[in-house]
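So that we are looking at the same thing, I have put the structure below in structure tokens.
Residue indices begin at 1 and follow the sequence shown.
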Amino acid sequence: MAVMRKRFASVCSSSSAEEDSAGLYDSAPIFTSDPPSEQEHAYESLLCCHSVQDSLLSSNSSFTRYRGILNWIIILLVLTHAHLFLENFIQHGFLIDVKKVWQHLIEENCNWPSVNLVLGANVFAITALLLERSQDKGLLSPTNAHRLHLVNLGLLLLFPAAVIVHEPTTSAGGAFLSLCFYTVLGMKLYSYQEANHWYRQAHLTDADKDQNGAVAQKVHREHLTYRDLCYFLLAPTLCYQRDFPCTPKVRINKLLHRLLEMVIVIQIMVGIVQQWIEPIFQRSENSFSSMDITMKVEHLVRLVAPTHFLWLLFFFLNHSYLNFCAELLRFGDRHFYGDWWNATSLITFWKNWNIPFQRWCHRHVYTQLAEKNVSSSRAELLVFLMSAAMCEYMIALPLNNCHLWIFLMMVFELLVAVFLRDYFQGNYGNGLVWLCLLLGPPLAVIIYVHDHYISFHQRCQSSSSPLIPDQHLPSRVALQPQ
């Protein structure tokens, strides 16, 4: 009996090793010697049914196939939000009206100040090209050309801000798009003059080494053309270089596919704003800063879901637009974002969320600071603060309201990323990233929009009925007891 127990123990141990290595529970045990006869071990597979292994949902398990749970979460989210949409439709009716949006844009832009701003931007682009040509011909020294470039870029950033502040007919949407256009143009022109300066320095170095300096200088002048500059300004990139990688041809089916994506996404975004967000705005009569704490929490909770959906749709709209421009111009480098949805830290998310902007910051800001012996951590901090200030500027100025909410929210996220990165790693870090995206800068942006909506309607009501101050409150009068 002892001999049989020892024999089965050895068989079980070999079977456990087999299951641990291959993950198979129904395989026959492997023997180092010749397999014994069937009469001796007829019940071995029945007696040895256990091995050392972890539960699938434990932290030590290497199990990764959670597709069924993901499908369950998707179905649950769809059913939950279908209930919210149904409740919203029963309470408010069908509010989506695309014509109303177009009429609002036409009425607010009757003098087309936003279009005039975009057309006026050509002056700054042509000035940058003329400065480069003058420097290339020897009419300007490198120092004077660099100073004039900085003056041109300073005027480029101040001009739209002055027009938006002093032109009352500019709508918030038109001002935002114009400001985005000028910001992108300023970053492109800075990269244009900086890259041309590097090319010029490289050509001077080559001229000192060999006799091909004149040929290199001729090639450099051939790139200082309107065609080259216009292609760079229209290309979906912020960093200038010569001879961008291009695809063989324009694929019309891909082009139409991206165009259809943009039209559908814009329609969905308009529907979410009109059907979901605007009724929440209409419930409040005061700005967010003047609400008490309970009202603030209530409005934030109501706005989290639609704001997050808008943010995701805006990302997909940006994806479709950049790929549309790239396909139209046969632009080859289409690495516009990384897998930010898998980021396990906020720092990883910021590096993968917007690759063209991150590449520009690293090329023209971080590298320049590193050359001036600025430490790596301090240079990264300065780049982050610059991006946070830029986001605040692009949202607060068109809405004529500045509370530094976006800037402070991004600084708070930086503190979270620095102090909690050792405690939230892996899946927990990814959950923290998504939590910050739900309650972070997108929510601060919608708060700005909420205050602008309230102030805009208050101005409209006061201007439409100056002699009857309570005319815009018929619901309150109707609810008063007789």
His335 vs Arg359, test: side chain to side chain contact (heavy atoms under 4.5 Å, CB included). Steps then yes/no. CA-CA 11 Å; His335 183 50; Arg359 185 179 296 159; 4.2 Å; yes
I'd like to know if the side chain of Arg330 reaches the main chain of Val250, judged simply by a donor and an acceptor atom lying under 3.5 Å from each other, with no hydrogens or angles considered.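 Such a contact is absent between Arg330 side chain and Val250 backbone.
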Do other residues, nucleotides or ligands put more than 12 heavy atoms under 6.0 Å from Tyr226 OH?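 Yes, enclosed.
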Note, Leu310 side chain near Ile277 side chain (heavy atom, < 4.5 Å):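 Yes, at least one pair of side-chain atoms sits under 4.5 Å.
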Passes side chain to side chain contact (heavy atoms under 4.5 Å, CB included), Phe324 versus Leu255? Steps please. CA-CA 6 Å; Phe324 176 83; Leu255 204 65; 3.7 Å; yes
To the nearest 0.5 angstrom, please state how far the CG atom of Leu438 sits from the CG atom of Leu300.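 It is 12.5 Å, given to the nearest 0.5 Å.
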CD of Glu380 to OG of Ser375: how many Å apart, nearest 0.5 Å?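 Going from the CD atom of Glu380 to the OG atom of Ser375 covers 9.0 Å.
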Do Tyr453 and His450 have ring centroids that are under 6.0 Å from one another?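 No, ring centres 6.0 Å or more apart.
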To the nearest 0.5 angstrom, please state how far the NE2 atom of His308 sits from the CG atom of Leu443.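 That separation rounds to 11.5 Å.
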Step by step, work out the side-chain hydrogen bond (donor to acceptor under 3.5 Å, both in side chains) result for Ser376 and Tyr366. CA-CA 8 Å; Ser376 176; Tyr366 178 83; 2.8 Å; yes
Tell me, with the steps shown, if His149 and Glu132 meet side-chain hydrogen bond (donor to acceptor under 3.5 Å, both in side chains). CA-CA 9 Å; His149 270 298; Glu132 285 298 321; 2.9 Å; yes
Report yes if the side chains of Asn144 and Arg147 come closer than 4.5 Å at any heavy-atom pair, otherwise no.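 Contact flag for Asn144/Arg147 side chains = yes.
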Backbone N/O of His452 and side chain of Ser455: donor-acceptor pair under 3.5 Å: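 The answer is yes, because a donor-acceptor pair under 3.5 Å joins these two groups.
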Any chance the rings of Trp340 and His319 have centres within less than 6.0 Å?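 Here the rings of His319 and Trp340 have centres that are no less than 6.0 Å from each other.
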Side chain of Asn430, backbone of Ala343: donor and acceptor closer than 3.5 Å?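 Checking the backbone N and O of Ala343 against the side chain of Asn430, a donor-acceptor pair under 3.5 Å is found.
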Kindly determine whether Asp228 and Tyr192 satisfy side-chain hydrogen bond (donor to acceptor under 3.5 Å, both in side chains), including the steps that lead there. CA-CA 11 Å; Asp228 182 73; Tyr192 183 73; 4.9 Å; no
Within the 4.5 Å heavy-atom criterion, are Val411 and Leu385 side-chain neighbours or not?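 The answer is yes, as the side chains (C-beta and beyond) meet within the 4.5 Å cut-off.
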State whether the number of non-hydrogen atoms from other residues, nucleotides or ligands found under 6.0 Å of Arg227 atom CZ is greater than 12.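 No.
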CG of Leu313 to CD of Gln267: how many Å apart, nearest 0.5 Å?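 Those atoms lie 12.5 Å apart.
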Counting only N and O atoms by type, is there a donor-acceptor contact under 3.5 Å from the side chain of Tyr231 to the main-chain atoms of Leu329?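 Pair found, side chain donor or acceptor close to backbone of Leu329.
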Is the side chain of Arg133 donor-acceptor paired with the backbone N or O of Leu224 at a distance under 3.5 Å, no angle test?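 Side chain of Arg133 to backbone of Leu224, a donor-acceptor pair under 3.5 Å: yes, one is there.
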Quiz item: cation-pi between Lys296 and Phe288, 6.0 Å / 45°: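 Verdict for Phe288: a cation-pi partner in Lys296.
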From CA spacing to verdict: side-chain hydrogen bond (donor to acceptor under 3.5 Å, both in side chains), His362, Gln358: CA-CA 6 Å; His362 183 271; Gln358 192 272 340; over 6 Å; no
Tell me whether the rings of Tyr448 and Trp405 are parallel (<30°), tilted (30 to 60°) or perpendicular (>60°).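 Tilted: the ring planes of Tyr448 and Trp405 meet at 30° to 60°.
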Can you name the one residue among Phe336, Trp311, Phe314 that meets ring pair (Phe, Tyr, Trp, His ring centres under 6.0 Å) with Trp353?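 In the set Phe336, Trp311, Phe314, the residue that makes a ring pair (Phe, Tyr, Trp, His ring centres under 6.0 Å) with Trp353 is Trp311.
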Intermediate values then yes/no, side chain to side chain contact (heavy atoms under 4.5 Å, CB included), Leu234 and Leu328: CA-CA 10 Å; Leu234 295 175; Leu328 185 64; over 6 Å; no
In Å, rounded to the nearest 0.5 Å, how long is the span from CG of Leu70 to CD1 of Ile75?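 Leu70 CG to Ile75 CD1: 10.0 Å, rounded to 0.5 Å.
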Exercise: identify the closest heavy-atom pair between Val374 and Ala379: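 Between these two residues, the closest heavy atoms are CG1-N, 3.9 Å.
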Looking only at atom types and distance, does a side-chain atom of Thr348 sit under 3.5 Å from a main-chain N or O of Thr344, one as donor and one as acceptor?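 Not at all, since once roles are kept as given, no pair shorter than 3.5 Å links the two residues.
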Please check if the side chain of Lys254 supplies one atom and the backbone of Asn323 the other of a donor-acceptor pair under 3.5 Å.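 The answer is no, because no donor-acceptor pair under 3.5 Å joins these two groups.
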Side chain to side chain contact (heavy atoms under 4.5 Å, CB included) evaluation trace for Arg378 with Leu381: CA-CA 5 Å; Arg378 185 171 298 180; Leu381 177 62; 5.5 Å; no
Against the six-membered ring of Phe244, is Arg334 placed for a cation-pi contact (under 6.0 Å from the centre, within 45° of the normal)?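 No, Arg334 and Phe244 do not form such a contact.
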Hey, does the side chain of Ser191 reach the backbone of Met187 with a donor-acceptor pair shorter than 3.5 angstrom?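 Side chain of Ser191 to backbone of Met187: no pair is present.
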More than 12 heavy atoms of other groups within 6.0 Å of Asn71 CG: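 Counting other residues, nucleotides and ligands, CG of Asn71 exceeds 12 neighbours.
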Inter-residue atom distance Leu189.CG - Leu129.CG, 0.5 Å rounding: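 Output value for this atom pair is 10.0 Å.
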Using a 3.5 Å distance criterion without hydrogens, assess whether the side chain of Asn122 forms a donor-acceptor pair with backbone atoms of Leu119.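 Looks like yes, one N/O pair under 3.5 Å.
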